[in-house]
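I have placed the structure first, in the form of structure tokens, so that the comments after it can refer back to it.
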Amino acid sequence: MTQASARHILVDTEAKCQELKTAIESGADFAQVAKENSSCPSSRDGGNLGTFGRGQMVKEFDEVVFSAPVGVVQGPVKTQFGYHLVEVTNRED
């Protein structure tokens with residue numbers, strides 16, 4: 001079964017999500033941005049979600065994690081929880 005490791009940042013608005021994505025693309029550290037901005041408890045660990053398989057996350061999140069290139073920040077991704085920036089840190093088939 002395919003497994004992936006990812007980290008994310010969860011915020012309330014698409015605009016804030018885009019603003020943070022721009023900051024990261026301009027050189028801001030993903031983990032630091034997560035610690036300072038993400039509303040998810042994973043923010044304490046720089047947004048790290050650990051390793052998980054297909055179907056363990058909500059559909060919209062799952063689709064991105066199992067299709068996006070590793071190491072490239074994706075988003076905004078809208079889910080029932082808000083807007084996410086997602087970075088796949090590892091994926092193994």
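- When the side chains of ILVMFWY residues are joined at heavy-atom separations under 4.5 Å, either directly or via intervening members, V77 and V65 end up in a single hydrophobic cluster.
- Clustering of Ile, Leu, Val, Met, Phe, Trp and Tyr by side-chain heavy atoms under 4.5 Å joins V72 with none of the others.
- Considering every non-hydrogen atom in both Q74 and A68, the closest pair reads CG-CB, 3.5 Å.
- Counting only residues at least two apart or in different chains, salt bridge (charged side-chain N to carboxylate O under 4.0 Å, His left out) contacts with residues 33-45 are absent.
- Legend: salt bridge (charged side-chain N to carboxylate O under 4.0 Å, His left out) pairs involving residues 69-85, not counting sequence neighbours: none detected.
- Side-chain heavy-atom separations under 4.5 angstrom define the hydrophobic clusters, and M1 shares its cluster with no other residue.
- Side-chain atoms of T51 do not come within 3.5 Å of backbone N or O of S5 as any donor-acceptor pair.
- Between the side chain of D62 and the main chain of G55, a donor-acceptor pair closer than 3.5 Å is present.
- Taking hydrophobic clusters as Ile, Leu, Val, Met, Phe, Trp and Tyr residues chained together by side-chain heavy-atom distances below 4.5 Å, I9 does not share a cluster with F81.
- Considering every non-hydrogen atom in both F66 and A4, the closest pair reads CE2-CB, 3.7 Å.
- The heavy-atom pair separating T89 from A6 by the smallest distance is OG1-N, 3.7 Å.
- Atom CG of N48 is separated from atom CD of E87 by 10.5 Å, given to the nearest 0.5 angstrom.
- For the pair K21 (side chain) and P76 (backbone), a donor-acceptor distance under 3.5 Å is absent.
- With values rounded to the nearest 0.5 angstrom, L10 atom CG is found 11.0 Å from N37 atom CG.
- Under the 4.5 Å side-chain heavy-atom criterion for grouping Ile, Leu, Val, Met, Phe, Trp and Tyr, Y83 is not connected to V58 through any hydrophobic cluster.
- Listed by first then second residue, pairs satisfying ring-ring contact (aromatic ring centres under 6.0 Å, His included) with a partner in residues 32-54 number zero, not counting sequence neighbours.
- Side-chain N or O atoms of S43 include none that pairs as donor or acceptor with a backbone N or O of S39 at under 3.5 Å.
- L49 and V73 end up in different hydrophobic clusters when Ile, Leu, Val, Met, Phe, Trp and Tyr side chains are linked at under 4.5 Å.
- Under the 4.5 Å side-chain heavy-atom criterion for ILVMFWY residues, no single connected hydrophobic cluster contains both V88 and I24.
- Separation of atoms OG (S38) and CG (L20) is listed at 9.0 Å; rounding is to 0.5 Å.
- With rounding to the nearest 0.5 angstrom, the CG atom of L85 is 11.0 Å from the CZ atom of R7.
- Residue pairs meeting the ring-ring contact (aromatic ring centres under 6.0 Å, His included) criterion with at least one member in residues 5-38, sequence neighbours excluded, are H8-F61, H8-H84.
- Here the straight-line distance linking atom CD of Q80 with atom NZ of K59 works out to 12.5 Å at 0.5 Å rounding.
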